[in-house]
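Comments concern the structure below.
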Amino acid sequence: MGTTQERNNVDPGKIDVDIWNFIPKLRKSFRFILFFALGFAVFGGIIAFGHPKTYRAELVLSPELGTTKESYLSSIADMGGLSFDFGSKSEAVNVMIYPNVVSSKSFLMGLTNIPVRTEESADTVSLQSFYKHRDTGWLDGVRKGIESVFVSFKGEKDLKVGGGVADDGSLIQISEKEDAFISMLKTSITVDVDDKTGLIIVASTTPDPYVSAILTDTVGKRLQSYITRYRTTKAKLDYDYFDKMSDEAEAKYKSALATYAHNVDSNMQPVLQRVKGTQEKLEADVSLASQVYTQLKQKKELAKAKIQEVKPAFVVIDPVSVPLKATGIGRLFTILLSFIMGSILASIWVLVGRQIWDRLRKGDE
């Protein structure tokens with residue numbers, strides 16, 4: 001009687017959850033939970049086996065970008081009485097732009113034809129050819145089939161011109177297929193920069209361990225070349241400028257010296273004041289041209305030294321190695337995790353979800 005009265009006093013807006021009734025309810029719905037979990041496991045297996053395995057290779061670099069040597073060159077310039085800005089107070093390159101460099105289309109286009117080899121074959125093929133003939137899994141095949149159907153309806157807008165970079169580097173012309181390949185390659189390559197240590201971590205993830213290692217090594221080397229070229233561009237421009245100016249100053253100095261020598265030889269016994277004045281003027285021109293030529297030649301030598309000083313030195317902290325294990329949690333573990341997740345969801349439905357559904361259905365009625 002008391003139990004019946006307690007049940008009548010239960011608030012109809014609340015869900016009656018009795019922890020002691022969990023086990024009987026779960027036993028009663030054991031088949032439902034089992035079949036639901038098995039279905040979830042099958043779905044997880046479809047996803048796991050529908051995608052190919054991927055392998056990740058990493059390269060850790062440490063760029064040495066110190067400015068002490070540049071300050072040393074500036075001190076030498078000051079001792080020589082020269083005013084030459086070496087830019088020691090500001091870096092020409094911010095290390096945080098390295099990921100943007102690697103993700104740029106011009107950089108990625110240079111990787112499409114690099115030679116790679118696979119785990120199954122020692123023969124080299126281009127990176128683009130590898131991705132074209134690789135095993136993409138049946139899920140990716142279904143996706144591409146659906147995309148091809150949509151493309152056939154709307155018509156593919158493929159540029160007739162071949163992809164490439166213009167001579168001045170200001171224009172890139174690529175087709176839609178090339179753009180799709182570059183976008184896929186962009187997601188496969190990552191570059192991370194540690195804010196505290198300044199370490200550069202280059203990584204590539206591909207369906208083959210050897211391809212991942214080769215691609216990572218190539219990206220690391222080309223990034224180093226890009227950074228070196230970027231940092232030395234200003235120094236090389238300065239050197240070319242002072243080289244040109246020193247050549248012109250040398251030519252003027254030699255011309256002034258020849259004119260002065262000819263005037264002296266022509267007037268071995270100068271009597272007229274006009275002749276003496278001309279010789280003094282020519283002598284002053286020679287002295288001035290000599291000073292200008294000497295200073296420009298010194299600046300040229302300092303600019304030449306600066307090219308070497310601003311060139312960064314990279315230290316390989318962790319070299320590239322062929323990955324031994326695939327990324328992710330594994331196919332069997334994915335199936336097991338899906339089975340457990342299905343069991344949990346089915347149990348929640350049996351214990352709580354079914355009551356919520358019944359209350360909502362009764363409320364609608």
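Remember, it's a predicted structure, so these values are computed and weren't measured experimentally.
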Would you call K105-D179 a salt bridge at under 4.0 Å N-O?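 Yes, charged N to carboxylate O under 4.0 Å.
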What verdict does the salt bridge (charged side-chain N to carboxylate O under 4.0 Å, His left out) test give for K254 and E250, after you've listed the backbone C-alpha separation in whole Å, the side-chain angles of each residue and the deciding distance to 0.1 Å? CA-CA 6 Å; K254 290 181 178 180; E250 183 181 10; 3.3 Å; yes
Backbone N or O of [Y] within a donor-acceptor pair of the [X] side chain at under 3.5 Å?
X    : Y    : result
N113 : S126 : no
T294 : S290 : yes
T232 : A235 : no
T206 : V211 : no
T112 : L108 : no

Do the non-hydrogen side-chain atoms of [X] and [Y] ever get within less than 4.5 Å of each other?
X    : Y    : value
L302 : D238 : no
D123 : V125 : no
V101 : Y230 : no
V219 : L111 : yes
S212 : T205 : no
E120 : D208 : yes
I201 : D194 : no
E58  : T216 : no

Where do [X] and [Y] come nearest, in terms of heavy atoms and distance?
X    : Y    : answer
A256 : V286 : O-CG2, 3.3 Å
R56  : P323 : O-CB, 3.4 Å
A213 : S321 : CB-O, 4.2 Å
K311 : T228 : CG-CG2, 3.5 Å
S204 : I189 : OG-CG1, 4.0 Å
A249 : V292 : CB-CG1, 4.2 Å

Check whether more than 12 heavy atoms from other residues, nucleotides or ligands sit under 6.0 Å from atom CZ of F32, and answer yes or no.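 Result for CZ/F32: enclosed.
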Is there a path from [X] to [Y] through hydrophobic residues (I, L, V, M, F, W, Y) whose side chains come within less than 4.5 Å of each other?
X    : Y    : value
Y55  : I114 : no
F130 : I182 : yes
L34  : I340 : no
L38  : I33  : no
I307 : L296 : no

The test is side chain to side chain contact (heavy atoms under 4.5 Å, CB included); show your working for I200 and Q224 and say whether it passes. CA-CA 10 Å; I200 304 173; Q224 294 178 52; over 6 Å; no
As an exercise, state the distance from [atom1] of [X] to [atom2] of [Y], rounded to the nearest 0.5 Å.
X    : Y    : atom1 : atom2 : result
M245 : Q295 : CE    : CD    : 11.5 Å
F314 : I227 : CZ    : CD1   : 4.0 Å
F35  : F30  : CZ    : CZ    : 9.0 Å
L61  : K221 : CG    : NZ    : 11.5 Å
K300 : D243 : NZ    : CG    : 4.0 Å
L237 : F242 : CG    : CZ    : 11.5 Å

Which of these passes side-chain contact (heavy atoms from CB on, under 4.5 Å) with V60: V316, V320, D318?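 Only one of V316, V320, D318 forms a side-chain contact (heavy atoms from CB on, under 4.5 Å) with V60, namely D318.
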Are D240 and K244 close enough, and set up right, to give a salt bridge (charged side-chain N to carboxylate O under 4.0 Å, His left out), and what steps lead you there? CA-CA 6 Å; D240 293 338; K244 179 182 178 181; over 6 Å; no
Ring-plane angle category for Y131 and F181, please: parallel below 30°, perpendicular beyond 60°, tilted otherwise.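 If you compare the ring of Y131 with that of F181, the planes turn out perpendicular.
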For V102 and L223, run side chain to side chain contact (heavy atoms under 4.5 Å, CB included): C-alpha distance rounded to whole Å, both residues' side-chain angles, the deciding distance at 0.1 Å, then the answer. CA-CA 7 Å; V102 176; L223 179 61; 3.9 Å; yes
